[in-house]
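Only one structure is covered here, and it is reproduced in the block below.
Keep in mind that this is a model prediction, so the values were computed, not measured.
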Amino acid sequence: LFQYGNDLLFRVPLASHRESSAGGCTTADSTLRLSELQGAGQWGRGLDSYLHWIYETVILLRELLTENGSIYVHVGLQVSDYVRTIMDEVFDRSRWRNTITWQRMYAHNDPKRYGAVSETILFYTKGEKWIWHPQFSEYSEQYLKMYSQLDKDGRRFKVENTLGPGNRGVLYDWKGHKRYWRYSKENMQKLHDAGLLYYTSSGFPKKKVYLDEMPGKPAQDIWTDINVIAGQAKELTGYPTQKPEALLERIIKSSSNEGDLVLDCFCGSGTTAAVAEKLGRRWISCDLGRFAIHTARKRLLSIEKIKPFVVQNLGKYERQVWQAAEFESSDDLRVREARYRKFILDLYHATPVSGYAWIHGTRSSRMVHVGAVDAPVTLSDVKAIAAEVWRAVGTGKGAPQTAGVDILGWEFAFELNELAKQVAAEAHVDVTFKKIPREVLEKKAVEQGDIKFFELAALGVSVKQKGRSVTLKLTDFVILPDDVPQEAQKAIKHWSQWIDYWAVDWDYKDDTFHNQWQSYRTRKEPDLQKEAEYTYEKPGKYTIVVKVIDILGNDTTKTVQIEIK
């Protein structure tokens with residue numbers, strides 16, 4: 001799970017933790033086109049690389065899956081046969097339950113071939129016994145016409161034969177009609193007494209079947225009743241691969257019970273998590289993309305009475321594996337660290353330097369520090385960096401001539417941007433903080449030169465207290481213009497337009513950030529609420545943390561200390 005997901009959203013209440021007997025289902029969305037796989041792309045050797053990745057992923061998912069759980073793998077038609085072969089090997093061919101064909105649109109014109117309107121969902125189970133709840137769809141108009149008769153109370157019904165098939169059944173006389181009946185004479189009498197027999201003009205009995213007692217048409221392995229999301233649909237998020245909630249609702253209802261755990265390891269817009277939440281399931285969703293996690297988070301927050309959930313960045317595990325694989329050294333850890341830092345410095349177009357503890361390179365007369373893979377840059381780090389920068393300025397040939405330093409990091413401690421700059425200023429050192437982007441882990445992005453180091457944004461917040469009530473107001477938000485695409489810069493007329501979402505933890509305990517209040521943009525409400533108010537129940541000293549997500553998907557935090565009397 002951690003190896004394939006950089007960010008993770010989950011709601012698993014501690015009181016509901018259960019072992020593998022709980023049941024549940026896993027969904028893996030792998031809708032890739034063969035043309036994408038055959039290119040150099042992220043899969044390296046094309047289809048071979050993709051199938052190798054699928055094989056390793058499915059092995060991991062099988063280990064995570066409970067014994068009575070199910071896995072649904074959504075794939076494009078171009079690779080469905082390959083993926084099914086892998087699923088047969090990992091799960092065993094006997095665990096295949098269905099190959100579901102989802103007709104996702106009614107018509108599509110393709111040149112020189114039949115219109116491609118369907119996708120494939122492979123359904124496997126881990127054990128011989130699995131959770132299963134049959135699902136039903138609405139009857140067609142043609143079928144409903146069969147229920148053409150009305151009872152005394154206005155209920156619609158149709159009639160079914162009461163005879164045994166092929167002269168098989170129970171032979172007796174019923175009101176002058178001696179036949180082989182489907183029901184025993186005792187049960188026939190019960191149907192009669194309950195008013196469930198309909199007599200023809202000749203007095204022949206038929207059984208009534210009421211429309212309002214029928215759950216619907218049992219779901220088959222061809223799904224034609226779930227369409228793609230309409231352009232004005234309420235659930236539409238704008239995410240390119242978003243699936244309709246009805247699709248996931250059928251899957252989750254079929255293969256899990258309330259309280260069970262549902263995993264979606266490629267969550268996209270968060271459809272699986274949103275549906276699982278509404279259906280009373282626990283859930284875990286993860287994705288490599290920041291935009292996917294951000295889209296899913298906003299979507300979950302829009303659910304009425306949403307239960308608390310956590311957004312957890314698990315990126316350091318992936319980074320550690322990457323560092324060990326890319327910069328492996330038989331010598332010692334220091335050699336590997338040096339190779340890693342040189343790689344980052346090259347991407348930043350900086351020149352490596354030696355002889356320092358905290359300074360790793362220079363660029364345009366400024367010094368450069370490269371943060372560790374598995375730890376955030378802290379205030380104490382900045383103090384040590386600033387002290388070394390000041391000592392290094394003008395000390396000899398090749399030494400920097402100005403007291404400026406760019407600090408590159410994967411993560412930064414809360415409030416580092418403003419506090420650290422204040423500390424550095426006191427030491428007469430000019431400091432900028434830039435985030436090492438996740439794209440450096442991707443070979444394709446590195447080769448294409450698609451690596452940009454974004455400077456941390458600056459956030460302005462004012463605080464007003466009245467008694468035990470506190471009002472926070474966003475007053476400013478600054479992003480370095482050089483980091484923003486030109487088309488985005490032209491569209492921004494006010495600083496608040498840089499912010500897509502912000503949240504507040506009113507009582508931060510120096511642990512996990514708790515989303516106790518939030519505001520975000522939607523299609524219906526594009527304007528952002530800039531003030532938040534909270535009333536404390538008890539006096540004391542509190543730490544408030546404000547988290548802002550900008551339109552580029554970057555996080556910025558600000559910490560405020562208050563005392564309630």
Query raised in the report: Does a sphere of radius 6.0 Å around CZ in Arg93 hold more than 12 heavy atoms from other residues, nucleotides or ligands, not counting ones at 6.0 Å or beyond?
Result: no
Query raised in the report: Are Arg97 and Trp130 in a cation-pi setup, meaning NZ or CZ lies under 6.0 angstrom from the ring centre and within 45 degrees of the ring axis?
Result: yes
Query raised in the report: Hey, are the side chains of Tyr501 and Val548 touching, using non-hydrogen atoms and a 4.5 Å cut-off?
Result: no
Report task. Using a strict cut-off of less than 4.0 Å between a Lys/Arg side-chain nitrogen and an Asp/Glu carboxylate oxygen, indicate whether Glu245 and Lys278 qualify as a salt bridge. Result -> yes
Report task. Mind listing the closest non-hydrogen atom pair of Asp225 and Ser137 along with its distance? Result -> OD2-CB, 3.1 Å
Query raised in the report: Which pair of heavy atoms, one from Ile226 and one from Ala246, lies closest together, and at what distance?
Result: CD1-O, 3.7 Å
Requested in this report: Could you go through the side-chain contact (heavy atoms from CB on, under 4.5 Å) check for Trp498 and Ile492 one step at a time?
Outcome: CA-CA 7 Å; Trp498 291 119; Ile492 301 299; 3.6 Å; yes
Query raised in the report: Is Glu213 atom CD crowded by more than 12 heavy atoms from other residues, nucleotides or ligands, each under 6.0 Å away?
Result: yes
Query raised in the report: Out of curiosity, Gln320 CD to Trp322 CH2, how far, rounded to the nearest 0.5 Å?
Result: 12.0 Å
Query raised in the report: So, do Asp374 and Trp410 sit near enough that their side-chain heavy atoms are less than 4.5 Å apart?
Result: no
Query - Side chains of Leu279 and Glu258 in contact at under 4.5 Å (non-hydrogen atoms) - result: no
**Report entry** Considering all heavy atoms, the nearest Met188-Tyr183 contact
**Finding:** N-CB, 4.3 Å
Query raised in the report: Got a salt bridge between Lys208 and Asp151, using NZ or NE/NH1/NH2 to carboxylate O under 4.0 Å?
Result: yes
Report task. Assess whether atom OH of Tyr55 is packed by more than 12 heavy atoms of other residues, nucleotides or ligands within 6.0 Å. Result -> no
Query - Sidechain-backbone polar pair: Trp502 side chain, Leu528 backbone, donor-acceptor under 3.5 Å - result: no
Query raised in the report: Would you say the side-chain atoms of Thr162 pair up with the backbone N or O of Pro205, donor to acceptor, closer than 3.5 Å?
Result: yes
Query raised in the report: With no hydrogens and no angle check, is any side-chain donor or acceptor of Glu326 less than 3.5 Å from a backbone partner on Phe343?
Result: no
Report task. Please round to the nearest 0.5 Å and tell me the distance separating atom CD1 of Ile59 and atom CD1 of Ile54. Result -> 11.5 Å
Query raised in the report: Any chance the rings of Tyr72 and Phe123 have centres within less than 6.0 Å?
Result: yes
Query raised in the report: Considering all heavy atoms of both residues, which atom of Ser70 and which atom of Ile131 are nearest to each other, and what is their separation?
Result: OG-O, 4.4 Å
Report task. Can you measure from CH2 (Trp181) to CG (Asn187) and round to the nearest 0.5 angstrom? Result -> 14.0 Å
Query raised in the report: Is any side-chain heavy atom of Asp212 less than 4.5 Å from a side-chain heavy atom of Arg156?
Result: no
Query - Pair Arg84 + Asp81: basic N to acidic O under 4.0 Å - result: no
Query raised in the report: Is it true that a side-chain atom of Lys126 and a backbone atom of Leu65 form a donor plus acceptor pair closer than 3.5 Å?
Result: yes
Requested in this report: Return yes if a side-chain donor-acceptor contact under 3.5 Å exists between Trp96 and Thr99, otherwise no.
Outcome: yes
Query raised in the report: How about Ile222: does its CD1 atom have over 12 heavy atoms from other parts shown lying under 6.0 Å from it?
Result: no
Report task. Could you check if a side-chain atom of Ile252 sits within less than 4.5 angstrom of a side-chain atom of Thr272, using non-hydrogen atoms only? Result -> yes
Query raised in the report: Got a sec: does the OH of Tyr143 have more than 12 other heavy atoms crowding it under 6.0 Å?
Result: yes
Report summary line: Exactly one of Asp550, Asp287, Asp500 clears side chain to side chain contact (heavy atoms under 4.5 Å, CB included) with His294, and that residue is Asp500
Query raised in the report: What's the spacing between Ser254 OG and His133 NE2 if we round to 0.5 Å?
Result: 8.5 Å
Query raised in the report: Between Thr120 and Trp102, does a side-chain contact (heavy atoms from CB on, under 4.5 Å) hold up when you go through it step by step?
Result: CA-CA 6 Å; Thr120 300; Trp102 172 36; over 6 Å; no
Query raised in the report: Per the side chain to side chain contact (heavy atoms under 4.5 Å, CB included) rule, which among Val73, Asn98, Ile71 passes with Tyr124?
Result: Ile71
Query - Spacing of Asp264 atom CG and His74 atom NE2 [to the nearest 0.5 Å] - result: 12.0 Å
Query raised in the report: Where do Ser285 and Cys267 come nearest, in terms of heavy atoms and distance?
Result: CB-CB, 3.6 Å
Report task. Using modelled atom types only, decide if a donor and an acceptor are shared between the side chain of Arg521 and the backbone of Pro526 within a distance under 3.5 Å. Result -> yes
Requested in this report: Might you point out which heavy atoms bring Tyr210 and Gly195 nearest each other, and give the distance in Å?
Outcome: OH-O, 4.1 Å
Query raised in the report: Can any side-chain N or O of Ser256 pair as donor or acceptor with the backbone N or O of Asp260 at less than 3.5 Å?
Result: no
Query raised in the report: Between Phe136 and Arg250, does a side-chain contact (heavy atoms from CB on, under 4.5 Å) hold up when you go through it step by step?
Result: CA-CA 9 Å; Phe136 302 88; Arg250 178 170 295 172; over 6 Å; no
Query raised in the report: Taking the six-membered ring of Tyr180, is NZ or CZ of Arg168 closer than 6.0 Å to its centre and within 45° of its axis?
Result: no
Query - Glu128 vs Arg95, side-chain contact (heavy atoms from CB on, under 4.5 Å): CA-CA, chis, key distance, verdict - result: CA-CA 7 Å; Glu128 294 181 358; Arg95 299 297 188 260; 3.5 Å; yes
Requested in this report: Scan side-chain atoms only and decide if Ser269 and Arg299 contain a donor-acceptor pair under the 3.5 Å cut-off.
Outcome: yes
Query raised in the report: Is any side-chain heavy atom of Phe309 closer than 4.5 Å to a side-chain heavy atom of Leu301?
Result: yes
Requested in this report: For the pair Arg62 and Asp92, find out whether any cationic side-chain nitrogen is under 4.0 Å from an anionic carboxylate oxygen.
Outcome: no
Query raised in the report: If only atom types and distance count, is the side chain of Asn161 paired as donor or acceptor with the main-chain N or O of Leu163 below 3.5 Å?
Result: yes
Query raised in the report: Partners of Glu447 by salt bridge (Lys or Arg N to Asp or Glu O under 4.0 Å), sequence neighbours excluded?
Result: none
Query raised in the report: Salt bridge between Glu160 and Lys207, side-chain N to carboxylate O under 4.0 Å?
Result: no
**Report entry** Charged tip of Lys434 within 45° of Phe453 ring normal and under 6.0 Å
**Finding:** no
Query - Flag, side chain of Gln497 to backbone of His494, donor-acceptor distance under 3.5 Å - result: yes
Query - Non-hydrogen side-chain atoms of Phe454 and Pro437 separated by less than 4.5 Å - result: no
Query raised in the report: How far does CE of Met146 sit from CG of Leu211, to the nearest 0.5 angstrom?
Result: 11.0 Å
Requested in this report: May I ask you to check whether over 12 heavy atoms, not counting those of Gln448, lie within 6.0 Å of atom CD?
Outcome: yes
Report task. Measure from the side-chain N and O atoms of Gln149 to the backbone N and O of Tyr147, and report whether any donor-acceptor pair falls under 3.5 Å. Result -> no
Query - Arg282 with Glu277: basic N within carboxylate O range, under 4.0 Å - result: no
**Report entry** Min side-chain heavy-atom separation Val159-Phe157 under 4.5 Å
**Finding:** yes
Report task. Examine distances only and state if a side-chain atom of Lys243 and a backbone atom of Thr241 form a donor-acceptor pair shorter than 3.5 Å. Result -> yes
